[in-house]
Amino acid sequence: MTPHNEAKKGDYAEAVLLPGDPLRAKWIAETFLDDAKQVNGVRNCLGYTGTWHGNPVSVQATGMGQPSTAIYVHELLETYGVRKLIRVGTCGGLTTSIKVRDIVLGISASTDSSINNAPFSPYTYAPAADFELLRSAVKYAEAQMLQHHVGGLVSSDTFYVDNPAENYSTLAQHGVLAVEMEASALYTLAARFNARALAICTVSDCLMTGQEIGSDDRQSSLDTMVEMALSVALR
Ligand code: HPA
C-alpha cells in the first residue's frame, strides 16, 4: 500500500497500461482484459489487473499532468515492481503532416515543467522512450498498416495556450510532433528505476489547423491504440 494506492504487493502485473482518465482505465479493463479485478480505487484513480490472451497485465489511471503521473508511476515502479509502462493517451499535433487519428510514438519528451531541473542541474536531461518497446510498436504499426509517426513529444504543464502556433513553433522546427502532458515524467522515472516505458498517443486535435477528432473516430482510434499497447506490452 501507498498513500495513493490500496493495492497489495503482487496485485499489479509486470506490464501496465497508463491512460490518464480513470474511466478509460475501467473501460480498457472491462473491454480488453479477461478476469479483470479492480486493485486500486483511492481517489477514484482506478487500477485493474487481468489477463490478455492469457498473459497478466494491468491498467492504472495516472490523472492529468506530470505531478499526478509521477506519483502513480513512481509507486508502480518502487512499491509494485512494475517493469513495463505504456502510456495510452491523446495528443495535439504540432505540424500539418500530423492528422487527427494518427498515432504518435514518442521517441523523446521535451517539457516546460521544472520537475527535472533540480535533480539534473546543471544538465538538461533528455527523457527518452525504451528502444525495444518503440521498435516493437513500430513493427506492429507497420504490420497493421496504421498511420503512425515516430518523433518527439512535448509534455506541457499548460493545456490552454494563447497562441499555439507561435508557442510551439521552435519545438516543431526541432522535430517535436505533438503536445501532451505526461510522457516526460514517465520516461524519466522509468529510466530512474531501470524499467521500460513508451508513450503511444492518438492525435485528438491539430493545433496548427484547429481540426478535432469526431466522437466515433475517437472510439475506434482508442480501440486501435489499446490493442497496439497490449500487443507491445506483452510481446
Ligand atoms: N495540449 C496538451 N495535451 C493535449 C492536447 C493539447 O492540445 N491535446 C491532447 N492532449
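Indexing begins at 1, ligand by ligand and atom by atom, following the structure's order.
Enumerated by chain and number, the residues approaching ligand 1 to less than 4.0 Å through a heavy atom are Thr90, Cys91, Gly92, Phe159, Val179, Glu180, Met181, Ser204, Asp205, Leu207.
Under the 4.0 Å criterion applied to side-chain N and carboxylate O atoms, Arg135 and Glu132 are assigned as salt-bridge partners. Salt bridge status for Arg87 with Glu182: present, with a side-chain N to carboxylate O gap under 4.0 Å.
Residue pairs satisfying the ring pair (Phe, Tyr, Trp, His ring centres under 6.0 Å) criterion with at least one member in residues 182-224, sequence neighbours excluded, are listed as follows: His74-Phe193.
Through direct or relayed side-chain contacts under 4.5 Å between Ile, Leu, Val, Met, Phe, Trp and Tyr, Met208 connects to Leu94, Val154, Val161, Tyr168, Leu171, Val176, Val179, Leu207.
In this structure, Asn40 and His4 approach most closely via the heavy-atom pair ND2-O, 3.4 Å.
With sequence neighbours left out, Tyr80 forms a ring pair (Phe, Tyr, Trp, His ring centres under 6.0 Å) with Tyr12.
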